[in-house]
There are 2 protein chains.
Amino acid sequence: MVYINGMELSELKKQFEQFLKQKGYKITKSRLDLVDKIASYGTHFEIEDLVMWITSQDRGTASRSTIYRTIRLLQDFGAIREVIKLGNRTIYEFVAGRPHHEHLICVKCGKIIEFSREEIEELQDRVCEEYRFTPINHRLEIFGVCSECSSTV
Amino acid sequence: MVYINGMELSELKKQFEQFLKQKGYKITKSRLDLVDKIASYGTHFEIEDLVMWITSQDRGTASRSTIYRTIRLLQDFGAIREVIKLGNRTIYEFVAGRPHHEHLICVKCGKIIEFSREEIEELQDRVCEEYRFTPINHRLEIFGVCSECSSTV
DNA sequence: GTCTGTGCAAAATCTTTGCAAGATA
DNA sequence: TATCTTGCAAAGATTTTGCACAGAC
């Protein structure tokens, strides 16, 4: 069985189908295929990379438009998040089945390090309560230089 | 005297001049004027809004290119930061002379609430130490719905 | 059969850049 | 005077959209 982030992939797709049905959208090969493609591509990705990678694969040629449209659906569904915004780049992450976490981003080599701290979730709750703000999600990005890059002067 | 974020504006401009000189850039009317314009525009802004506002002012008509270029210089200088990245929008903030803080962003009305917690700075330091990562800056965005918007159903 | 999705190309945004003219040092 | 900056328009990069055809229900 194929597991993605500890969740069985076919289970995820089943849930996505439910989501589509519930929203009145259609279950298409394109949409389900894209879930496979993203799952096998890797955790973090930018849309252009994904488009090029998918296009380079023999079969399965979802158009750029469909990829953009489906990414949006997957964001609504909650399987994908924009986790890093650096300059004009947007880096997405497959988050389905994973606990929330944050990112360290090396501005020299682009390496992404994930970490999580329960304190951040608690802090969010306390701050939001204070401002009577209903949180939907949060994103903590720490930009800096990783150990390899700082040792290479 | 004009204070911006608790710092005297002419002092900030003087420091900016030093920065330019040190970098081998020239001190131009355009650049210094833009600092005034941004200071009087308000804390948070998007470039397009700033361009339109500046263009609508009688005198002072920095071109879009110059604004983009100067904003970049002010970011390097440290007076301005990209604090919110929402979809394809980038919201900047005049941070000169202010302690670091984070933002709550209402996804319904766009309201921005600032808050700061010393814990976040400490947490950043601890996490970075653990990964031997040298932090340059960080950004915590909490997206959600503010009290006004949630009471209006 | 009806309605939605897809692919394509065009358009819309947002940002950067080449170049000639102007300002700064 | 030498060099950097500016404004403009063009080019880039990224994302969205109108429309005709194809596919899902």
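Below, chains carry the letters A, B, ... as their sequence lines are ordered, and counting in each starts from 1.
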Quiz item: Atom CG of B:Leu32 and atom P of D:dT5: how far apart are they, to the nearest Å?
Solution: 13 Å

Self-check item: Point-to-point distance, once rounded to the nearest 0.5 Å, from CD1 of B:Ile54 to CD1 of B:Ile47
Solution: 10.0 Å

Quiz prompt | For atom CD of B:Gln22 and atom C1' of C:dA25, their distance in whole Å | solution = 17 Å

Quiz prompt | Shortest side-chain distance from B:Arg31, nucleotide among D:dT5, D:dT16, C:dT16 | solution = D:dT5

Quiz item: Would a distance-only check, ignoring hydrogens and angles, find a side-chain to backbone donor-acceptor pair under 3.5 Å from A:His100 to A:His138?
Solution: yes

Quiz item: Would you say B:Arg72 reaches C:dT16's phosphate, i.e. side-chain N/O to OP1/OP2 under 4.0 Å?
Solution: yes

Quiz prompt | Nearest-nucleotide pick for A:Asn88, side chain only, options being C:dT16, D:dG7, C:dC8 | solution = C:dT16

Table of protein N/O atoms under 3.5 Å from nucleotides 19-24 of chain C N/O atoms:
unit_1 : atom_1 : unit_2  : atom_2 : d
C:dT24 : O2     : B:Lys26 : NZ     : 2.9

Quiz item: With a 3.5 Å cut-off and just heavy-atom distances, do the side chain of B:Ser65 and the base of C:dT16 make a donor-acceptor pair?
Solution: no

Quiz item: Is a side-chain donor or acceptor of A:His101 paired with a backbone partner of A:Pro99 at a separation under 3.5 angstrom?
Solution: yes

Exercise. Send over the distance from A:Arg64 CZ to C:dG5 C1', rounded to a whole Å.
Key: 18 Å

Practice problem: Establish, with yes or no, whether the OP1 or OP2 oxygen of C:dT6 is under 4.0 angstrom from a side-chain nitrogen or oxygen of A:Ser63. | Solution: no

Quiz item: Can you find a donor-acceptor N/O pair under 3.5 angstrom joining the side chain of B:Thr90 to the base of C:dC14?
Solution: no

Exercise. Can you tell me the distance, in whole Å, between the CD1 atom of A:Ile47 and the C1' atom of D:dA13?
Key: 13 Å

Practice problem: Would you kindly compare A:Glu46 and A:Tyr25 by the position of their nearest DNA chain D nucleotide and give the one closer to the 5′ end? | Solution: A:Glu46

